[in-house]
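First the structure, in the form of structure tokens, and then the observations on it.
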Amino acid sequence: MAQKPSIPKGTRDFTPSEMIRRNYIFDTIKSVFQLYGFQSIETPSIENLSTLMGKYGEEGDKLLFKILNSGNFLSKIDDKDLIEKNHIKLTNKISEKGLRYDLTVPFARYVVQHSNDISFPFKRYQIQPVWRADRPQKGRYREFYQCDVDIIGSKSLFNEFELVQIADDVFNKLNINTVLKINNRKILAGIAEIIGEKERITDITVAIDKLDKIGIENVNSELLGKGISSDAIKKLQPILNLEGNTTEKINQLKEILKDSEIGNKGIEELSVLFHNIESVDFKMEIQLDIALARGLNYYTGSIFEVKSKDTEIGSITGGGRYDNLTGIFGMPGISGVGISFGADRIYDVMNQLELFPKEFPGSSKVIFINFGEKEQDFCTPILRKLRQANIASEMYPDADKIKKQMKWANRKDINYVVIAGEQEIEAGKVILKNMKTGDQQLITPQQLISILSR
RNA sequence: GUGGUUGUAGCUCAGUUGGCUAGAGCGUCGGAUUGUGGUUCCGAAUGUCGUCGGUUCGAGACCGAUCUUCCACCCCA
């Protein structure tokens with residue numbers, strides 16, 4: 001072998017046994033989505049950069065994978081631009097397409113583009129890979145799958161409630177212990193307003209998002225470093241120190257935010273959502289978390305995040321409401337809300353906690369040992385009948401040594417082996433061997449089908 | 001993007017202050033058993049020591065670059 005081939009940083013190959021587990025996650029999530037009446041769509045991997053840029057904040061733009069224009073992309077570039085080395089300016093001229101960064105923005109684009117064919121509210125799910133030019137770490141990949149569900153064209157908070165139930169269902173089915181954190185962007189906006197730093201909402205939310213991780217002292221010093229007035233930081237302290245259950249927190253916020261119109265709106269929304277949540281039993285823990293901010297710029301109302309309680313992997317699901325994403329594409333006044341399940345992180349959590357079922361129906365139920373041409377001819381019609389009876393079955397393709405064939409069957413976790421050599425064929429029968437128990441019996445092909453049908 | 005870290009057989013990893021022919025376990029393959037896997041026993045194969053360059057009589061080990069891994073920051077699923 002010359003040079004070993006490799007794949008780009010932050011990407012992965014998936015082996016058959018990994019795919020069995022990944023598909024288990026995808027299938028579970030998909031079945032829950034369908035249970036709630038969502039329909040699937042797909043969009044292209046690449047979008048026009050004009051669609052993607054400016055939707056994820058400054059940081060997001062940097063993390064977009066950009067695709068070079070075809071042909072001689074330098075032919076129309078001024079020497080001046082090259083010498084200047086302004087990479088942002090130059091990038092705009094040599095690249096007009098990029099890999100999608102999430103599924104929500106392409107979805108908004110899709111909705112605007114297909115608005116004539118959609119009857120709102122539109123409920124869609126979408127399971128596809130996304131790409132981010134981030135530096136990889138554990139649980140952080142450059143190519144990963146998101147499983148998005150969104151309802152667009154409805155302002156009702158019942159949609160938020162549905163999404164919370166979907167999250168609970170998914171993680172119950174996957175057996176993952178989770179906590180769902182809920183907050184509302186309008187409350188964050190209200191807080192910024194009340195403390196007199198209305199314009200600095202992004203800096204403020206980014207800082208208090210770290211409260212859990214770095215503690216109140218460090219949050220304060222980060223805010224100070226960002227140029228937030230010490231007076232404002234002082235006013236923020238009681239908010240960061242909110243305690244009690246959800247109702248108590250909401251009541252305190254009502255008092256704190258009473259002079260902020262947007263803050264009041266946020267509290268009203270939260271109250272409605274939590275009222276709904278209290279009407280149903282949930283297995284996951286659900287909490288109001290004032291410190292939850294979420295980085296994506298387009299959220300305007302409810303925001304969610306789900307964390308696994310038993311690992312350090314970080315958030316495995318996130319989402320929120322966006323009031324004007326379609327507006328950017330020329331179709332204002334359409335509100336949407338959605339959440340996104342991070343399949344790869346869910347995989348990592350389940351793997352780490354050994355939550356995958358022990359046995360998967362990932363392989364054939366039965367395999368025919370191949371003794372040679374004559375025997376193969378004898379088995380072929382039986383094999384066909386088995387498949388017509390919906391029994392996953394296969395024949396080993398070469399007349400290799402029995403030992404090798406048995407070993408191969410064993411490694412593929414195939415439960416039954418059919419042995420039909422000269423003696424069996426003469427009797428018009430086959431040997432069925434149970435690989436778990438080692439038992440074997442001489443039976444007719446008819447009996448074989450009825451036994452395996454059970 | 002900033003700072004650090006890692007790379008030796010298919011996999012997990014040893015390899016002393018630079019010194020002869022680079023090792024182990026697991027797996028793979030062959031045999032014991034030419035019609036019976038998973039257990040047991042016996043045997044075998046496997047490496048441009050990530051890559052390129054440098055220092056040295058001599059480099060898996062030291063230096064530089066590059067790629068990759070993981071970690072922190074940033075940000076996020």
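Only a predicted model underlies this, so the values are computations on that prediction, with no experimental measurement involved. Convention: sequence-line order gives letters A, B, ...; per-chain numbering from 1.
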Atom [atom1] of [X] to atom [atom2] of [N]: distance rounded to whole Å?
{"X": "A:D13", "N": "B:G10", "atom1": "CG", "atom2": "C1'", "result": "15 Å"}
{"X": "A:R135", "N": "B:A77", "atom1": "CZ", "atom2": "C1'", "result": "20 Å"}
{"X": "A:K404", "N": "B:G35", "atom1": "NZ", "atom2": "P", "result": "16 Å"}
{"X": "A:D209", "N": "B:C74", "atom1": "CG", "atom2": "C1'", "result": "13 Å"}
{"X": "A:I414", "N": "B:G37", "atom1": "CD1", "atom2": "P", "result": "16 Å"}
{"X": "A:E58", "N": "B:G1", "atom1": "CD", "atom2": "C1'", "result": "12 Å"}
{"X": "A:L292", "N": "B:C76", "atom1": "CG", "atom2": "P", "result": "11 Å"}

Between [N] and [X], counting only base atoms on the nucleotide and side-chain atoms on the residue, is there a donor-acceptor pair under 3.5 Å?
{"X": "A:K433", "N": "B:U36", "result": "yes"}
{"X": "A:R345", "N": "B:C76", "result": "yes"}
{"X": "A:Q440", "N": "B:U36", "result": "yes"}
{"X": "A:R140", "N": "B:A77", "result": "no"}
{"X": "A:E424", "N": "B:G35", "result": "yes"}

Along RNA chain B (nearest heavy atom to each residue), the more 5'-positioned of A:N410 and A:L63: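 Looking at RNA chain B, the more 5' nearest nucleotide goes with A:N410.
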Nearest listed nucleotide, side chain of A:S315, among B:C75, B:U36, B:A77: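 Side chain of A:S315 sits closest to B:A77.
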Nucleotide of B:C75, B:G35, B:A32 approaching A:E59 most closely (side-chain heavy atoms): B:C75
Any A:Y145 side-chain heavy atom under 4.5 Å of A:I25 side chain: no
Aromatic contact, A:F33 with A:F341 (centres under 6.0 Å): yes
Taking atom [atom1] in both [N] and [M], compute the distance separating them and give it to the nearest angstrom.
{"N": "B:U56", "M": "B:A22", "atom1": "P", "answer": "25 Å"}
{"N": "B:C13", "M": "B:C49", "atom1": "C1'", "answer": "14 Å"}
{"N": "B:U68", "M": "B:U8", "atom1": "C1'", "answer": "15 Å"}

Qualifying residue, where the test is ring-ring contact (aromatic ring centres under 6.0 Å, His included) with A:Y396 and the options are A:F368, A:W408, A:F371: A:W408
